Amino acid sequence: MTGLSSYHRATADAYDAVAVLYAELFRDALDALPLDRAVLAAFAETVRAAGSGPVAELGCGPGSVTAHLRDLGLDVFGVDLSPVMIDLAREAYPDLRFEVGPMEALDLADGRLHGIVSWYSVIHVPPRDVPSYFDEFRRVLAPGGTLLLAFFESEGEPTTAFDHKVATAYRWPIDDLAGLAGAAGFTEIGRMLREPLEEERFRRGHLLMRSEK
């Protein structure tokens with residue numbers, strides 16, 4: 001990749017360095033997360049109800065969530081900044097399409113997608129830049145398309161950085177993130193807050209949104 005910002009390069013390099021271990025640790029993570037699977041299933045059903053069309057997982061990592069979305073009946077592909085992550089995804093799921101690239105500058109025509117999943121990927125975006133990412137999501141989604149965001153929720157605190165094990169990340173108040181998506185042209189369908197499991201540190205937030213027609 002050329003022309004990447006220092007933030008993009010640092011994030012890509014950090015995930016390249018841990019990609020193999022990351023893939024091993026999280027390959028079957030959804031098996032123990034029934035509420036997370038339920039949110040993904042709700043996303044898939046919402047997309048299918050609006051008509052068939054392509055779906056992108058942005059920040060797909062080694063591809064396990066992308067494959068789960070395929071198993072839910074979606075025409076899905078993945079995009080990630082990390083070339084090593086994309087190599088692992090292609091090796092593990094050769095029937096799926098994976099591309100290297102930034103998720104706020106997608107090589108897609110306006111209105112091309114029927115759905116977007118950002119599964120713990122906007123967590124690494126500096127808060128001041130998040131609106132531009134949502135603007136891009138809105139651009140590539142067809143009217144009425146569906147967006148699913150998963151993130152670390154701030155539990156009553158303001159948006160704040162924390163010591164993520166790979167790269168700097170941020171916890172968000174769910175209302176603040178929903179408000180930024182709303183300003184970009186999304187309407188909230190529903191939300192889910194999940195309390196942390198024993199081995200987890202933070203509450204998990206999920207927002208299901210629809211692009212305005």
Side-chain angles (χ1 to χ4, degrees), residues 4-37 39-40 43 57-66 78-82 84-85 88 102-104 116-137 147-184 186 188 190-209:
L4 291 181
S5 69
S6 58
Y7 148 71
H8 285 105
R9 175 55 61 194
T11 303
D13 289 348
Y15 273 98
D16 279 351
V18 301
V20 173
L21 177 60
Y22 186 101
E24 292 174 354
L25 288 175
F26 293 103
R27 180 176 293 112
D28 301 316
L30 285 173
D31 291 351
L33 300 172
L35 292 178
D36 299 53
R37 295 198 308 273
V39 169
L40 290 164
F43 166 83
E57 189 200 353
L58 303 180
C60 65
S64 57
V65 173
T66 315
V79 177
D80 200 276
L81 272 176
S82 164
V84 179
M85 286 287 196
L88 292 171
M103 60 182 172
E104 86 287 10
I116 287 174
V117 171
S118 171
W119 198 254
Y120 298 97
S121 52
V122 295
I123 64 169
H124 294 299
V125 179
R128 67 180 180 277
D129 295 336
V130 168
S132 66
Y133 281 67
F134 288 167
D135 286 341
E136 178 70 348
F137 296 174
L147 169 66
L148 175 59
L149 302 171
F151 55 96
F152 297 101
E153 211 275 332
S154 65
E155 303 177 51
E157 298 297 324
T159 303
T160 184
F162 71 95
D163 56 337
H164 189 277
K165 292 182 179 179
V166 181
T168 299
Y170 300 86
R171 299 169 64 198
W172 278 87
I174 193 167
D175 287 337
D176 288 5
L177 206 58
L180 290 179
F186 290 94
E188 184 174 335
R191 61 177 64 189
M192 190 268 281
L193 287 170
R194 177 173 67 74
E195 296 302 316
L197 302 178
E198 184 175 350
E199 66 275 15
E200 296 174 338
R201 290 190 288 169
F202 305 126
R203 180 188 291 166
R204 309 304 174 99
H206 307 78
L207 284 167
L208 192 64
M209 317 284 290

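Small disclaimer: the values here were computed from a predicted structure and weren't measured.
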Measure the [atom1]-[atom2] distance between [X] and [Y] for me, rounded to the nearest 0.5 Å.
X      : Y      : atom1 : atom2 : value
Leu35  : Leu40  : CG    : CG    : 11.5 Å
Glu57  : Ile116 : CD    : CD1   : 11.5 Å
Ile174 : Leu149 : CD1   : CG    : 9.5 Å
Ile123 : Thr168 : CD1   : OG1   : 10.5 Å
Leu177 : Phe134 : CG    : CZ    : 4.0 Å

Between [X] and [Y], what is the shortest heavy-atom contact and its length?
X      : Y      : result
Thr66  : Cys60  : OG1-CB, 3.5 Å
Leu88  : Ala23  : CD1-CB, 4.2 Å
Ser121 : Val125 : O-CG2, 4.3 Å
Gly61  : Asp80  : N-OD2, 2.8 Å
Pro173 : Thr159 : CD-OG1, 3.3 Å
Met103 : Gly59  : SD-N, 4.4 Å

Scan residues 192-205 for pairs that pass salt bridge (Lys or Arg N to Asp or Glu O under 4.0 Å), counting only residues two or more places apart or in two chains.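 Checked against salt bridge (Lys or Arg N to Asp or Glu O under 4.0 Å) - neighbours excluded - the pairs reaching residues 192-205 are Asp36-Arg194, Glu153-Arg203, Asp163-Arg201, Arg194-Glu200, Glu195-Arg203, Glu200-Arg204.
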
Could you give all pairs that pass the salt bridge (Lys or Arg N to Asp or Glu O under 4.0 Å) test and reach residues 169-181, with sequence neighbours left out? Glu155-Arg171, Asp175-Arg191

How about Phe137 and Phe186: are their ring centroids closer than 6.0 Å? no

Taking the ring of Phe151 and the ring of Tyr170, is the distance between their centroids below 6.0 Å? no

State, with a plain yes or no, whether a side-chain heavy atom of Leu208 is found less than 4.5 Å away from one of Val39.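 No. Closest side-chain heavy atoms not under 4.5 Å.
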
Going by heavy atoms in the side chains, are Trp172 and Leu180 under 4.5 Å from each other? yes

Ignoring hydrogens and angles, tell me if any N or O in the side chain of Arg27 forms a donor-acceptor pair with the backbone of Ser64 under 3.5 Å. no

Residues that Ala29 engages under side-chain contact (heavy atoms from CB on, under 4.5 Å), provided they are two or more places apart: Phe26

Should the pair His206 and Trp119 be assigned to parallel (<30°), tilted (30 to 60°) or perpendicular (>60°) ring geometry?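 Plane angle between 30° and 60°, so tilted.
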
